[in-house]
Amino acid sequence: DRRGAATSTFTISQDIGTGIGSALWGVVIEVTSFSSCFLLTSLWLLLSVAGCIAFLSYYKRHPDPATVA
């Protein structure tokens, strides 16, 4: 019944995140250079991947009892 409200809430959150991220990376480019921005973006990506791997390996070793069949 309220599917449209849920969808719009999710998409507005994505739009705000994209806008804020673009503005912040624009500031990084203004302060440093495109090369620095690409390097920082690559480092951010690697940190994200490492965080996902750590998260998945932790929950593989410590499964939630409610979801274990």
Side-chain angles (χ1 to χ4, degrees):
D1 185 35
R2 305 267 308 150
R3 188 179 305 182
T7 302
S8 65
T9 301
F10 176 74
T11 56
I12 193 73
S13 300
Q14 274 188 310
D15 291 342
I16 291 171
T18 302
I20 291 172
S22 298
L24 289 177
W25 286 117
V27 170
V28 169
I29 290 171
E30 285 290 323
V31 172
T32 60
S33 65
F34 276 103
S35 300
S36 298
C37 182
F38 289 132
L39 178 65
L40 289 172
T41 305
S42 300
L43 291 175
W44 185 252
L45 178 66
L46 290 175
L47 283 172
S48 299
V49 169
C52 286
I53 291 170
F55 176 81
L56 291 174
S57 67
Y58 175 81
Y59 279 102
K60 192 173 189 178
R61 287 181 278 124
H62 303 92
D64 184 12
T67 60
V68 175

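These figures come from a predicted structure and were not determined experimentally.
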CZ-OG1 distance between Phe34 and Thr41, expressed to the nearest 0.5 angstrom
11.0 Å
Spacing of CZ belonging to Phe55 relative to OG belonging to Ser48, to within rounding of 0.5 Å
13.5 Å
Interatomic distance, CG@Leu40 vs CD1@Ile29, rounded to 0.5 Å, equals 10.0 Å
Excluding sequence neighbours, so at least two apart, what forms ring pair (Phe, Tyr, Trp, His ring centres under 6.0 Å) with Tyr58?
His62
Indicate the atoms forming the closest heavy-atom contact of Ala5 with Ser8, along with that distance.
O-OG, 3.0 Å
Nearest-0.5 Å distance that lies between atom SG in Cys37 and atom CG in Leu24:
10.5 Å
Should we say atom CD of Gln14 is surrounded by more than 12 heavy atoms from elsewhere, each under 6.0 Å from it?
yes
Would you give the length of the straight line joining atom CH2 of Trp44 to atom CH2 of Trp25, rounded to the nearest 0.5 angstrom?
8.0 Å
In short, Ile12 meets Thr9 closest at the heavy-atom pair CG2-O, 3.1 Å
